[in-house]
Protein chains: 2
Amino acid sequence: MMKVAIIGATGHINYVFGGLRELPDVTLAAVSVGSAGETMDKVIHTAQKEGHSPVVYADYMKLLDDVEPDIIAVACYFHDHARITAEALRRGIHVFVEKPIATNLDDLAMLREVYAAAKDKGVHLAAMLGIRYHPAFLTAWHAVSGGALGEVRLLQAQKSYRLGRRGEPFTKRHTYGGTIPWVGSHAIDWVHWYSGQRFETVYATHSTLFNEGHGELELTAQCQFTMSGGAAASVSIDYLRPNEAPSHGDDRIRIAGTAGVLEVRDQQVLLINERQIGVQELPLVPKREIFADFVRQINGEGRCLVSAEDSFYVTEACLRALVSADEKRVVHFE
Amino acid sequence: MMKVAIIGATGHINYVFGGLRELPDVTLAAVSVGSAGETMDKVIHTAQKEGHSPVVYADYMKLLDDVEPDIIAVACYFHDHARITAEALRRGIHVFVEKPIATNLDDLAMLREVYAAAKDKGVHLAAMLGIRYHPAFLTAWHAVSGGALGEVRLLQAQKSYRLGRRGEPFTKRHTYGGTIPWVGSHAIDWVHWYSGQRFETVYATHSTLFNEGHGELELTAQCQFTMSGGAAASVSIDYLRPNEAPSHGDDRIRIAGTAGVLEVRDQQVLLINERQIGVQELPLVPKREIFADFVRQINGEGRCLVSAEDSFYVTEACLRALVSADEKRVVHFE
């Protein structure tokens, strides 16, 4: 029996519960807050509803000492991801961590170093870049990696959310990390994932204007990337989705290649290429569970779509875009 | 009776014929090639079909001397737009000219100077930014300028065309001017038009890769603009639309504001705001004829949606984006 512990209650903890349903040999042994100010009530409630009886800790260090989990899932206030992840990696614990896995480049460099040592001991890490596992985005990936578009030349990615009322940690750059890493990380991940190319330069912009009292939270952002294979990618990010919209989020990508154009929009995958005249709507592959995949990888039974290297690299791209937007200049990747 | 002459056969001359049908008091007096290598056969054919009997010249200077037209429509090879336009303006002739109205910043500065003098004598100029007059884009403009979105914060514009087989003038930067000015000018115009804001910076990228033997023609381009009111705008431009697509072009814009989000896509206008739950498809206003509107403006009977200042400013924005892409750096507008 493998033991998993949840640390934090702020991010996509539902990924863990979704995975646990497919993992009879994994037990949710314990939970703890990750950041001062969090409450675990909702996580505990969900755990009980799902038939788990985790021990509840008030201090994640004590949890790590007492429970010695095989895996932790980290999703607390975003600036604490890196510290807690590093602590676990040093102890040889596998880590499934909310993105962005670090909120500044120093923390990221520290984490990369800690991971490099842990990796040699067989420790695994993946960021919660879970939209890769959504049926439409996964279907698109099968199509693109299967060559449906030829060479990928242009990508336009979009994240649009409702703002609603966000808690205190979202209103300070120190705890929040910025809208480009928080909301944008998915879209920036898609650019890398679908193109198979590395980031070369980024010019980004963001604005806190009209954020309805959310302090330092940027309401809007856009990033222009150039890629190693000569592709170009634009990423548009906003919290401007009206309450009247039919859904919370409006995630999209359009990918134009030398042999076709594909779009993900409204949970549909639309392809135009030489296979037929007109727009084809691709049948969707089934949803897969990212956390279940991560555990299978640990067990040597598969491979999570999100590698540790992807997790680091996408975080780096987000943080470099953030620097670009803050400093209003082009940032070059090394 | 006003006399109009057509010079060139390369661009959107159909706008002129579309307008003439609404203008019984305007006669198509003459036509001439504008650039060495053009043939007027198609224009003459269309003119005859439409009931016009223009005198055909082989030299536009002789046409200007002999016919003394009130208005010329210029649409030849793109690098010749500025020179012919300037010649006409100096003679006090109104000019309806294909975009981009200049293919480099020097020509644009020259043209601005010539126009400044002509303007004082009541001479009018408009660029063929005719997509403003398409029902969906015009409907969107009425909605946005009517306040349906509140403050405009984010724009994403797209132009996607089939490449097909393009003639020699498209394959040389000198005659073509670049894909950002030629294809992108519409999208860059929308950014300015819908936002009502001025351009502040641009970072752009373009690539000639995979252009199927079209020499210096850029197959793809993207531009990231920051605007004077703090809005951000991305523009994506490509010739990657597959032959199997249901139409030649895929023109789109998405505009996100503080009170709503609007999209133009597939000739539809989709709006989400507080007016109702869900996505509203706006009823389209009727198509209007840009050239007819331009002539009415000359006659003091209205106002063309495309002003001379817009025509210059959008051309400037295109050319600055082109410099950005060529030199791989952020370009600041003055």
Side-chain angles (χ1 to χ4, degrees), chain A residues 149-151 153-156 158 160 201-207 209-210 212 219-227 229-246 250 252 254 256-261 265 271-280 324 328-330, chain B residues 149-151 153-156 158 160 201-207 209-210 212 219-227 229-246 250 252 254 256-261 265 272-280 324-325 328-330:
Chain A
L149 306 185
E151 297 287 330
R153 302 302 300 153
L154 220 54
L155 304 100
Q156 297 147 261
Q158 174 185 298
S160 176
T201 71
V202 61
Y203 182 61
T205 178
H206 57 191
S207 168
L209 279 182
F210 303 101
E212 300 183 5
L219 195 72
T220 52
Q222 286 188 338
C223 314
Q224 175 68 57
F225 292 96
T226 61
M227 307 299 289
S234 67
V235 171
S236 194
I237 305 160
D238 71 74
Y239 280 111
L240 290 169
R241 189 151 171 84
N243 290 327
E244 296 79 8
D250 186 7
R252 302 189 194 181
R254 175 178 179 269
T258 52
V261 175
R265 188 173 83 209
L271 173 66
I272 309 174
N273 70 4
E274 61 178 6
R275 284 212 325 236
Q276 71 178 60
I277 299 294
V279 180
Q280 312 156 47
S324 171
K328 300 177 191 294
R329 64 180 178 88
V330 176
Chain B
L149 306 185
E151 296 287 330
R153 302 301 301 153
L154 220 54
L155 303 100
Q156 296 147 261
Q158 173 184 299
S160 176
T201 71
V202 61
Y203 182 60
T205 179
H206 56 191
S207 168
L209 279 181
F210 303 102
E212 299 182 5
L219 195 71
T220 52
Q222 285 188 339
C223 314
Q224 175 67 58
F225 292 96
T226 62
M227 307 299 290
S234 67
V235 171
S236 194
I237 305 159
D238 69 75
Y239 280 110
L240 289 169
R241 190 152 169 84
N243 289 329
E244 296 79 7
D250 185 6
R252 301 189 195 182
R254 175 178 179 270
T258 53
V261 175
R265 187 174 83 210
I272 309 175
N273 70 4
E274 60 178 8
R275 284 212 326 236
Q276 71 179 59
I277 299 293
V279 180
Q280 312 155 49
S324 172
K328 300 178 190 296
R329 64 179 178 89
V330 177

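Residue numbers begin at 1 in each chain, while the letters A, B, ... track the order of the sequences.
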Looking at [X] and [Y], what are the two nearest heavy atoms and their distance?
X         : Y         : answer
Gln224(A) : Thr205(B) : NE2-CG2, 3.9 Å
Gly278(A) : Pro246(B) : CA-CD, 4.4 Å
Arg241(A) : Ile272(B) : NH1-CD1, 3.9 Å

Residue Leu149(B) versus chain A: region with a heavy atom under 4.5 Å: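 Contact with chain A is absent: no heavy atom of Leu149(B) under 4.5 Å.
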Is chain B contacted by the side chain of [X], its backbone, both, or neither, given a heavy-atom distance below 4.5 Å?
X         : result
Leu271(A) : neither
Ala231(A) : neither
Ile237(A) : backbone

Are the side chains of Leu154(A) and Gln158(B) in contact, using a 4.5 Å heavy-atom criterion?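 No, their side chains stay 4.5 Å or more apart.
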Q) With a 4.5 Å heavy-atom cut-off, do Leu240(A) and Arg153(B) have their side chains touching? A)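 Answer yes - side chains close enough.
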Mind running side chain to side chain contact (heavy atoms under 4.5 Å, CB included) on Tyr203(B) and Thr226(A) for me, showing each step along the way? CA-CA 10 Å; Tyr203(B) 182 60; Thr226(A) 61; 4.3 Å; yes
| Checking Glu274(B) side chain against Asn243(A) main chain: does a donor-acceptor pair fall under 3.5 Å? |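 No; zero donor-acceptor contacts below 3.5 Å.
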Between [options], which shows the greatest number of heavy-atom pairs under 4.5 Å with chain A?
options                                    : answer
Arg329(B), Gln276(B), Arg252(B)            : Arg252(B)
Ser207(B), Gly230(B), Ser236(B), Ala204(B) : Ser236(B)
Arg254(B), Arg275(B), Glu151(B)            : Arg254(B)
Cys223(B), Gly257(B), Gly260(B)            : Gly257(B)

